Amino acid sequence: SDSGIVCIDTNKDEHWYKIPSNAPVVSDIKFDKKNRLWLLNYSDYSNLFMLNTDSTWIKYNNGYTEWMYRIYIDRHNDVWLGSYHIGEASCLDSNGVWHKYTLTGSATVSGFAEINDTTMYIATENGIYIVTNLTDIEHVTQLDNINLTNITDITTDPYNNLWIAIPNEGIYMHHNG
């Protein structure tokens with residue numbers, strides 16, 4: 001059987017897009033600023049696919065990381081990928097260059113958050129990894145006297161405050177001013 005994505009437009013017409021993979025297990029999808037759909041296929045080692053606006057698929061070979069689980073498109077249109085239980089993240093920058101980030105232990109990436117044009121926060125159950133300028137990485141396990149373990153999600157608000165969700169503890173806001 002064919003696997004794919006169904007798009008229902010504003011006229012309620014259905015459009016079928018077959019995924020170019022033998023055993024797709026879609027773990028995340030996002031649109032970028034050029035209105036292209038990015039898809040992570042959790043079951044495929046080269047698991048990043050992009051659906052162009054002309055309805056053609058491009059498969060990206062991410063030689064750095066398998067078992068990708070989360071996707072995030074930043075303000076530069078860079079594509080960030082987070083692993084499931086293997087402690088890795090990667091970024092395909094807008095110039096087509098891959099960047100790899102090794103995280104402590106077998107961390108699962110639970111979310112991404114941008115603070116500014118050069119800083120990305122990567123949330124895991126082992127803390128937050130702060131990537132600056134696509135090259136420098138810092139691991140933080142405590143912030144404002146908050147133990148940053150088991151983070152389930154992370155986001156920013158329009159004022160660049162960082163919001164962190166931790167099960168059974170709540171949601172914390174870190175002021176970045």
Side-chain angles (χ1 to χ4, degrees), residues 3 5-6 19 21 23-33 37-49 62 64-93 98-177:
S3 298
I5 296 175
V6 175
I19 298 173
S21 179
V25 178
V26 176
S27 62
D28 209 354
I29 57 175
K30 297 284 187 286
F31 279 95
D32 67 14
K33 291 172 181 46
L37 177 70
W38 293 84
L39 173 144
L40 277 177
N41 179 8
Y42 182 76
S43 65
D44 189 327
Y45 181 78
S46 303
N47 53 10
L48 181 64
F49 297 86
N62 178 5
Y64 288 135
T65 312
E66 59 183 315
W67 301 112
M68 299 318 301
Y69 178 66
R70 291 282 178 246
I71 189 168
Y72 182 87
I73 312 290
D74 70 16
R75 59 185 81 179
H76 298 291
N77 234 21
D78 297 338
V79 180
W80 293 79
L81 308 176
S83 68
Y84 178 77
H85 204 63
I86 62 169
E88 293 183 357
S90 59
C91 176
L92 176 61
D93 70 26
W98 283 102
H99 304 269
K100 177 184 179 182
Y101 308 100
T102 302
L103 314 176
T104 304
S106 57
T108 295
V109 174
S110 55
F112 295 91
E114 285 180 86
I115 293 297
N116 55 40
D117 283 348
T118 61
T119 307
M120 178 65 70
Y121 285 67
I122 303 172
T124 74
E125 74 272 16
N126 298 330
I128 294 175
Y129 295 82
I130 305 168
V131 178
T132 308
N133 295 320
L134 295 176
T135 55
D136 301 322
I137 187 166
E138 175 187 0
H139 183 210
V140 177
T141 57
Q142 194 158 356
L143 191 63
D144 298 336
N145 297 318
I146 300 166
N147 188 8
L148 299 175
T149 57
N150 298 318
I151 299 171
T152 56
D153 208 353
I154 189 169
T155 192
T156 55
D157 63 25
Y159 306 102
N160 282 335
N161 296 311
L162 193 63
W163 294 79
I164 304 164
I166 301 174
N168 301 319
E169 293 187 34
I171 299 173
Y172 296 99
M173 190 269 293
H174 172 71
H175 180 65
N176 276 315

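Predicted model only: the values in this text are computed from it and were never measured.
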Is the backbone of D117 close enough, under 3.5 Å, to the side chain of H76 for a donor and an acceptor to pair up by distance? yes

I146 atom CD1: more than 12 heavy-atom contacts under 6.0 Å: yes

Would you find a donor on one side and an acceptor on the other, under 3.5 Å apart, between the side chain of T152 and the backbone of A165? yes

Do the rings of H139 and Y129 sit parallel, tilted or perpendicular, given the 30° and 60° boundaries? parallel

How close do T108 and H85 get, heavy atom to heavy atom, and via which atoms? OG1-N, 2.8 Å

One should read off an interatomic distance between S27 OG and R70 CZ, to the nearest 0.5 angstrom, of 7.0 Å

Residue pair L148 / L143: nearest heavy atoms and the distance that separates them: CD1-CB, 3.7 Å

Answer yes or no: is there a donor N or O on one side and an acceptor on the other, between the side chain of D28 and the main chain of L40, under 3.5 Å? no

N/O donor-acceptor pair under 3.5 Å between S110 side chain and I151 backbone: yes

Within the distance-only criterion (no hydrogens, no angle test), does the side chain of E114 pair as donor or acceptor with the backbone N or O of R75 below 3.5 angstrom? yes

Side chains of L81 and W38: closer than 4.5 Å at any heavy-atom pair? no

Side-chain heavy-atom pair V131, F112 within 4.5 angstrom cut-off: no

Measure the spacing between CD1 of I122 and OH of Y72 and express it to the nearest 0.5 Å. 11.5 Å

State, yes or no, whether a side-chain contact exists between L48 and V79 at a heavy-atom distance under 4.5 Å. yes

Shortest non-hydrogen contact from Y69 to S83? CB-C, 3.9 Å

Where do I166 and T149 land on the side chain to side chain contact (heavy atoms under 4.5 Å, CB included) test, with the steps shown first? CA-CA 7 Å; I166 301 174; T149 57; 5.6 Å; no

Any chance the rings of Y101 and W80 have centres within less than 6.0 Å? yes

Can you check side chain to side chain contact (heavy atoms under 4.5 Å, CB included) on T119 and N133, steps first, answer last? CA-CA 7 Å; T119 307; N133 295 320; over 6 Å; no

Tested for side chain to side chain donor-acceptor pair (under 3.5 Å) against W163, the lone hit among D157, D153, T155 is D157

Could you grab the distance from atom CD1 of I115 to atom OG1 of T156, nearest 0.5 Å is fine? 5.5 Å

Do D32 and K30 sit within salt-bridge range, that is, some charged N less than 4.0 Å from a carboxylate O? no

Chi angles and distances behind the side chain to side chain contact (heavy atoms under 4.5 Å, CB included) call for I130, V140: CA-CA 8 Å; I130 305 168; V140 177; 3.6 Å; yes

Within the distance-only criterion (no hydrogens, no angle test), does the side chain of N77 pair as donor or acceptor with the backbone N or O of K33 below 3.5 angstrom? yes

Any chance you could measure W98, atom CH2, to D93, atom CG, to the nearest 0.5 Å? 10.0 Å

Once rounded to the nearest 0.5 Å, what's the spacing between atom CG of N147 and atom OG1 of T141? 7.0 Å

L37 side chain reached by I29 side chain, heavy atoms, under 4.5 Å: yes

Note: I154 and A113 closest approach over all heavy atoms is CG1-CB, 4.0 Å

Just how far is it from atom SG of C91 to atom CE of M120, taken to the nearest 0.5 Å? 7.0 Å

